[in-house]
J.: 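Supplied in C-alpha cells, the structure appears directly below.
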Amino acid sequence: MAETQKPTAQELRDKDKRERDELHERIMEKERQSKKRVASSSAGDTEGPGRSFEFSNEEERREAIDHIRLMARRKYLGEREVKISDLRGRQVSDAEWLMKGEKLSEAEQQYLKLERDLYDVTKQRMEERGLERPVGYNMPDVYDDDDQKGQNKRFAVLEQRYQQTYDEKWEKNEEQRLEDATVSKAVTKYGAQKGRKENKEKTQYDLILEDAVEFGEAEVVGGNFKAPTLEEGPKAESSDEDEKDMNVPKAIRDERVFKKLKKEADNLQKDRKSLPVYLYKAPLLEAVRDYQVLIIVGETGSGKTTQIPQYLHEVGYSKIGKIGCTQPRRVAAMSVAARVAKEYGCKVGHEVGYNIRFEDCTTDRTIIEYMTDGMLLRSFLNEPDMASYSVMMIDEAHERTLHTDVLFGLVKDVARFRQDLKLIISSATLDAEKFSEYFDNAPIFNVPGRRFPVSIHYTKAPEANYLDACVITVLQIHLTQGPGDVLVFFTGQQEIEEAMDLLSFKTRGMGTTMGELLVLPIYANLPTDMQAKIFEATPPGARKVVLATNIAETSITIDNIVFVIDPGFCKQNSFNPRTGMESLIVVPCSKASANQRAGRAGRVKPGKCFRLFTKWSYEHELDDDNAPEIQRSNLGHVVLMLKSIGIDDLLHFDFMDPPPPETLIKALEQLYALSALNDQGDLTKLGRRMAEFPMDPQQSKSLIQADKYKCVDEVVTICSMLGVDGAIFYRPKDKGLHADNARKNFHKPGGDHMTMLHVYKQWEETGFSLNWCMENYLQNRSLKRARDIREQLVDMLEKVEIEHSSNVNDVDGQRKSILSGFFYNTARLRKDGSYVTVKHPHTVEIHPTSSLFGQQPRLVCYHELVLTTKEFMRGCIEVKPEWLLEVAPHFYQSKDLDGFKGKMPKGQGAASGGFGAAK
DNA sequence: GAGCACTGC
C-alpha cells in the first residue's frame with residue numbers, strides 16, 4: 001500500500017538501489033543452494049514456496065516458457081515495469097522447474113534468480129505480518145488424479161515436440177510472441193516510443209540498449225486476447241435483406257438524423273454478424289416457426305438477448321404483434337433496449353423501447369419491447385391474454401426469480417389458448433431439460449457462448465477462517481500472479497468492511513516490492529458515488545481488488561477481472577410460513593452460483609478462480625441450484641395478484657417448482673384476514689382495489705384504510721419509505737456512532753413509521769437536498785426511490801378513487817391506518833420485558849435500531865419479523881389495544897382484550913394473558 | 001445493545 005507521505009524520487013531511487021544491492025548479495029549467497037535445489041528437483045516436484053502446476057496442453061507450456069524468456073530479456077534490458085510476478089501466473093519455483101533443462105542465457109538466469117529472491121523477500125514479509133500460512137490450491141481440472149507418472153510422460157513428449165518448433169518460432173516471430181505473452185495494460189506503456197523514453201529515465205539499472213526489442217503497437221495486443229470472431233455468416237443471409245430492414249419509416253424522421261443513425265447502424269451490423277447467435281439465425285427462425293414454445297440455451301456473450309428479437313422482427317413477427325422480451329432487472333432492460341435501438345437505427349422508445357416501473361419508454365409504434373418480468377406480470381392485470389404480443393421471450397430464465405416463475409405458469413396457460421403466440425424461454429445451460437419438460441417437451445436450441453476459459457483452483461483442505469484465507473489469497477495473487485484485477489465474494493457489508501481492514505493492516509508497510517493494491521468495496525447499500533469507483537480504470541502498475549457481495553454475481557459486471565476468489569457462501573433470505581418470519585442467514589452457495597462467480601473471471605481473457613473449499617465439498621456438499629425464490633418467499637402479494645388475474649385454484653396452479661402449500665395457505669389466510677378474500681376464497685371489492693397497488697397486501701390495505709382516517713398523504717409517504725425498506729440509513733463501520741446519533745435525531749414518538757415520515761418530510765423541506773442526506777447519514781438514492789414510489793402511488797390514488805387527504809398531526813390516525821393492514825403483526829409485552837406475538841405465541845424482541853427500543857410499550861405492531869441473532873421485530877409502532885377492535889373487529893373480539901382494557905396493573909395484566917386472537 | 005444478500009411492481 002502507498003505510504004502516507006510520498007517519498008521523493010531521489011529517495012525512491014536510493015531505496016531501490018539499496019534493495020537491489022541487498023538482493024544481489026542474497027542472490028550470490030543463495031546461488032549454490034538454489035542450484036542444488038533446482039538440480040535435485042524432479043518434474044512435478046512441489047518443493048519450494050509455491051504450489052505445483054501442470055499445463056493442460058503443450059501450447060500453454062510453450063507459452064509459459066516463452067513468456068519467461070521474454071520477461072527475462074525485458075528485465076535484462078532494464079524494464080522497470082516488469083513485475084516480479086510477471087510469470088503469467090506461475091510461481092517462481094514453477095519457473096525454475098520449467099526452465100530446467102532449457103538453455104538459459106545470462107539474462108534469463110539472472111531473471112530467474114531475481115524472481116526467486118524477490119519471491120523469498122515478499123514471502124518473508126508476508127510471514128512477518130502473520131501470513132505464514134499461504135493458502136494452497138489444487139488444480140483438479142488439470143490433474144489426472146493419482147497419475148503423476150503419466151503426467152511426466154506426457155511432458156516428455158510435449159517437450160520433445162516443443163523443442164522442434166521452438167527456435168524458429170522464437171526467432172522468426174519474436175514480436176508476435178511478445179504480443180501473445182504480454183497483457184494489454186503493461187504493453188501500452190512499452191508500446192509507444194514516448195512511454196519507453198519515460199521508462200528509461202526512471203530506471204535505475206545500467207542498461208544495454210543496443211539490441212532493444214522493438215515493441216509493437218498496443219492495439220494488436222488486445223486483439224490477440226479477443227475470442228476468435230466469426231467473420232462470415234452463412235451465405236443465405238444476403239446483405240440486401242439487412243438493407244431492407246433498415247428502412248425505418250422516413251416520414252417520421254428528419255432525413256439527416258436518419259442518415260446518421262443509419263450509418264451508425266451499418267457499422268453495428270458488422271458487430272451483429274460477429275455474434276455466435278448469428279450463425280444460427282436461419283435454423284433458429286425455423287424452429288420458432290415450427291414450434292410454439294422454444295427453449296434457447298445460450299451462455300453469456302452469445303448475443304441472444306439483443307439479436308433474437310431483431311431476427312423475429314426481420315421475418316415479420318412484428319406485423320402480428322409486439323415482440324416482447326423480459327429481463328429480471330431494470331438496468332438490463334434499459335441497456336439492452338438502448339443497444340438494440342442503436343443497432344436498429346432508431347431512438348429508444350420508438351421502434352425499440354423498454355418498459356420498467358416509473359419509466360414506460362414505449363410508444364404506439366414500438367415493436368420490440370424490453371421489460372422487467374415484474375412489469376409483464378403486472379400487465380396481466382389489464383391484458384390477461386397478452387394480446388398485443390406475437391412473441392414473448394423470457395430471458396435469463398435460469399435465474400428463477402419470483403416473477404419469472406409466476407410468469408412461466410401464466411404464459412404456459414396463455415399459450416394453450418393462443419396458438420398464434422410464440423414463446424421463447426432463454427436460459428443458461430443448467431436447467432434446459434427441466435424447462436423443456438415443463439413446457440410439454442419443447443425443443444431445446446443450443447447457442448454456444450463466447451467466453452474465455454477459467455481454471456478452477458480448490459483449496460487442499462477446508463479453511464477454518466475464510467475471511468482470513470480470502471485476504472491471504474488476495475495477497476498471494478498480488479505477489480505471484482500476472483496483471484489482472486481481483487474480485488472477492490463476501491456475504492455482506494460487515495464482512496467486506498472487516499476484510500478491508502484486515503487487508504490494509506496486512507499490507508501496511510509492505511513497501512515497494514509490491515505494486516499498489518486498490519481495495520474497493522461494492523454492495524447494494526453503498527452510496528452511489530462510492531459504487532462508481534469500481535468502474536474507474538485501474539492505474540497502471542496497480543491492481544484492483546473488488547470486495548463484493550452477491551451483487552457482482554449477476555447484477556453488475558466489472559471490467560478487467562481476471563481472478564475470482566470465492567469462499568462459497570452467500571446470505572439467503574428464507575420465509576417460514578408457519579411463523580411468518582423471514583430470516584437472512586449465511587448458507588453455502590450452490591454449484592450454479594459458484595460457477596456463475598467463476599465465470600466472472602473469464603470476461604476479458606482466460607482467468608482463474610480460487611475457491612476456498614475443497615473439490616470434494618463442491619461435488620458432495622453444494623446443492624446444484626439455489627432454491628427458486630418462489631419457494632422461500634412470502635407470497636401474499638403474488639397470491640393477491642394471481643387471484644385478481646382470475647386464477648382461483650392456486651394450490652393446483654401449474655408452478656414449475658411449486659411453493660410449499662403452507663406458504664400459499666398462509667397467504668390466503670392473510671388475505672382473508674385482510675378482507676381481500678371472502679369466506680369462499682373469492683376476491684372482494686377491497687381485494688381488487690388492493691391488487692392495484694404495487695405493494696404488499698398489508699400496505700395496500702393500510703393505504704386504502706387511510707382514507708377513513710383522512711391521513712392518506714402521510715400513509716402514502718410511509719408506504720413509500722417502507723418500499724425502500726431498510727436502505728434509508730447508511731451506517732459505515734468507521735462512523736458508526738455518528739450514524740447512530742443521526743438516526744436517533746429523527747426519532748419521533750409513536751414509532752418507526754413516524755420516524756420515516758419525519759425523515760421524508762425533512763428531506764422534502766430541504767428541497768430534496770443531497771448534502772442534507774450526507775450530513776445525516778441518509779441514502780439519497782433510497783430517498784429518491786421513495787419519492788418515485790410516492791409519486792406512483794399518488795397517481796394511483798385517483799384510479800382507485802381515494803381522496804388525497806392529509807393530517808400531519810393525527811399520529812393516532814396514521815397509526816390506526818397502519819394497524820388496519822398490520823393488525824396481524826402484533827406483539828405484547830411480557831413481564832420479563834420480552835415480547836410475545838399475539839397470533840401464534842412466539843418470543844420476539846424489538847430491534848435495537850427501532851426508536852421504541854428500550855421503551856417497552858405494552859403493545860406493538862411491527863412491520864416484519866427477522867431472524868438474525870435473535871428474532872426481531874423491525875419497524876415498530878406503539879398501538880393501543882382498543883384500536884385493534886376498531887380496525888379489525890372481525891379478527892379481535894372484546895373479550896380478547898380484557899387484560900388490556902382499562903387500567904392494567906403494571907406488569908401484571910399482560911402476563912395474565914387473556915389476550916388472544918379470535919378466529 | 002444489534003447489524004440488511006439481491007431483485008422487482
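Note that the structure is a prediction, hence the values are computed from the model and not measured.
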J.: Residues two or more places apart in sequence or in another chain: which of them pass side chain to side chain contact (heavy atoms under 4.5 Å, CB included) with A/K412?
T.: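 For A/K412 the side chain to side chain contact (heavy atoms under 4.5 Å, CB included) partners, ignoring immediate neighbours, are A/R416, A/Y438, A/F439, A/D440, A/D654.
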J.: List in numerical order all residues of residues 777-788 of chain A for which some heavy atom is under 4.0 Å away from an atom belonging to DNA chain B.
T.: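 Of all residues in residues 777-788 of chain A, none places a heavy atom under 4.0 Å from DNA chain B.
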J.: For A/F358, answer base if it contacts any base atom (sugar-phosphate contacts may also be present), sugar-phosphate if it contacts only those atoms, and nothing otherwise; contact means non-hydrogen atoms under 4.0 Å.
T.: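 Answer is nothing: A/F358 stays at 4.0 Å or more from every strand.
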J.: Does a side-chain N-to-carboxylate-O contact under 4.0 Å join A/R400 and A/D657?
T.: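 Result for this pair is yes, salt bridge flagged.
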J.: Measure the distance from CD on A/Q572 to C1' on B/dT7 and round it to the nearest whole Å.
T.: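 So the CD-C1' distance, A/Q572 to B/dT7, works out to 13 Å.
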J.: Of all the nucleotides listed (B/dC4, B/dT7, B/dC9), which has the minimum atom distance to the side chain of A/E629?
T.: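 The listed nucleotide nearest to A/E629's side chain is B/dT7.
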J.: Please tell me if the side chains of A/Y730 and A/C773 come closer than 4.5 Å, counting only heavy atoms from C-beta onward.
T.: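 The answer is no; the side chains never approach within 4.5 Å.
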J.: Nearest-Å distance, CG (A/L640) to P (B/dG8)?
T.: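 After rounding, the gap between these two atoms is 21 Å.
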J.: Checking side-chain polar atoms at under 3.5 Å, does A/T849 have a donor or acceptor matched by the opposite partner on A/H847?
T.: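 Result is yes, a qualifying pair exists.
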J.: Would you indicate what A/F693 reaches in the nucleic acid, counting non-hydrogen atoms under 4.0 angstrom: base, sugar-phosphate, or nothing?
T.: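 No contact.
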J.: Would you be so kind as to tabulate the donor-acceptor pairs closer than 3.5 Å made by side chains of residues 860-867 of chain A, with sequence neighbours excluded?
T.:
| unit_1 | atom_1 | unit_2 | atom_2 | d |
| --- | --- | --- | --- | --- |
| A/E864 | OE2 | A/R874 | NE | 3.4 |
| A/E864 | OE2 | A/R874 | NH2 | 3.1 |

J.: Who are the side chain to side chain contact (heavy atoms under 4.5 Å, CB included) partners of A/S426, not counting sequence neighbours?
T.: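 Per chain and number, A/S426 pairs via side chain to side chain contact (heavy atoms under 4.5 Å, CB included) with A/I296, A/K304, A/M393, A/D395.
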J.: So, is A/R330 near the phosphate of B/dC9, with a side-chain N or O under 4.0 Å from OP1 or OP2?
T.: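 Checking A/R330 against B/dC9: at least one side-chain N or O falls below 4.0 Å of OP1 or OP2.
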J.: CD of A/Q792 versus P of B/dC9: gap in Å, rounded?
T.: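 After rounding, the gap between these two atoms is 9 Å.
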J.: What does A/Q493 touch in the nucleic acid at a heavy-atom separation under 4.0 angstrom: a base, only the sugar-phosphate, or nothing?
T.: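 Answer is sugar-phosphate: A/Q493 comes under 4.0 Å of backbone atoms only.
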J.: Ignoring backbone atoms, establish whether A/T372 has a side-chain N or O less than 4.0 Å from OP1 or OP2 of B/dC9.
T.: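 Yes, such a contact exists.
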J.: Rounded to whole angstroms, how far apart are CG on A/N634 and C1' on B/dC9?
T.: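 About 15 Å, once rounded to whole Å.
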J.: When you match A/H847 and A/M375 each to their closest nucleotide on DNA chain B, which lands nearer the 5' end?
T.: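 Counting from the 5' end, the first nearest nucleotide belongs to A/H847.
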J.: Find the distance A/D696:CG to B/dG8:P and express it as a whole number of Å.
T.: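 Checked: the CG to P distance equals 16 Å.
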J.: Quick check for you: among B/dC9, B/dC6, B/dG8, whose closest atom lies nearest to any side-chain atom of A/S555?
T.: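 My answer, after comparing the listed nucleotides, is B/dC6.
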J.: Which residues pass the side chain to side chain contact (heavy atoms under 4.5 Å, CB included) test with A/K744, not counting sequence neighbours?
T.: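 Per chain and number, A/K744 pairs via side chain to side chain contact (heavy atoms under 4.5 Å, CB included) with A/H747.
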J.: What nucleotide, of B/dT7, B/dG1, B/dC4, holds the atom closest to the side chain of A/L584?
T.: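 Comparing B/dT7, B/dG1, B/dC4 against the side chain of A/L584, the answer is B/dC4.
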J.: Where the side chain of A/N573 is defined as all heavy atoms beyond and including C-beta, which of B/dA2, B/dG1, B/dA5 is the nearest nucleotide?
T.: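 Comparing B/dA2, B/dG1, B/dA5 against the side chain of A/N573, the answer is B/dA5.
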J.: A/L377 near the nucleic acid: base, sugar-phosphate alone, or nothing, with a heavy-atom cut-off under 4.0 Å?
T.: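 A/L377: no heavy atom of the nucleic acid under 4.0 Å.
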J.: Measure from the side-chain heavy atoms of A/R329 and tell me the nearest of B/dG8, B/dC4, B/dC6.
T.: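 Side chain of A/R329 sits closest to B/dG8.
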J.: For A/R357, which contact category applies under a 4.0 Å heavy-atom criterion: base, sugar-phosphate, or nothing?
T.: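 A/R357: base contact, heavy atoms under 4.0 Å.
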J.: Which residue pairs satisfy the side-chain hydrogen bond (donor to acceptor under 3.5 Å, both in side chains) criterion with at least one member in residues 547-556 of chain A, sequence neighbours excluded?
T.: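 Sorted pair list: A/N550-A/R597, A/E553-A/S593, A/E553-A/R597.
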J.: Can you tell me the distance, in whole Å, between the CG atom of A/L867 and the P atom of B/dA2?
T.: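 So the two atoms are 14 Å apart, to the nearest Å.
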J.: Need to verify one output field. Residue with the more 5' nearest nucleotide on DNA chain B, A/R632 or A/P694?
T.: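 The residue mapped nearer the 5' terminus is A/R632.
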J.: Given 3.5 Å as the limit, does a donor-acceptor pair link the side chain of A/Q531 with the main chain of A/A524, or not?
T.: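 Flag set: sc A/Q531 to bb A/A524 pair under 3.5 Å.
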J.: Expressed as a whole number of angstroms, how long is the span from A/N626:CG to B/dT7:C1'?
T.: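 It works out to 13 Å between those atoms.
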J.: For the side chain of A/T849, counting heavy atoms from C-beta on, which of B/dA2, B/dC9, B/dA5 is nearest?
T.: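 Among the listed nucleotides, the one closest to the side chain of A/T849 is B/dA2.
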J.: What nucleotide among B/dG1, B/dC4, B/dC9 has an atom nearest to a side-chain atom of A/K744?
T.: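 Nucleotide nearest to A/K744's side chain: B/dG1.
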J.: Among the candidates B/dG1, B/dC9, B/dA2, find the nucleotide nearest to the side-chain atoms of A/F853.
T.: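 My answer, after comparing the listed nucleotides, is B/dG1.
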J.: Rounding to a whole Å, what distance do you find between A/M334:CE and B/dG8:C1'?
T.: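 In whole Å, B/dG8 C1' lies 15 Å from A/M334 CE.
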J.: A/I551 side chain: which of B/dC4, B/dC6, B/dG1 is closest?
T.: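 For the A/I551 side chain, the nearest candidate turns out to be B/dC6.
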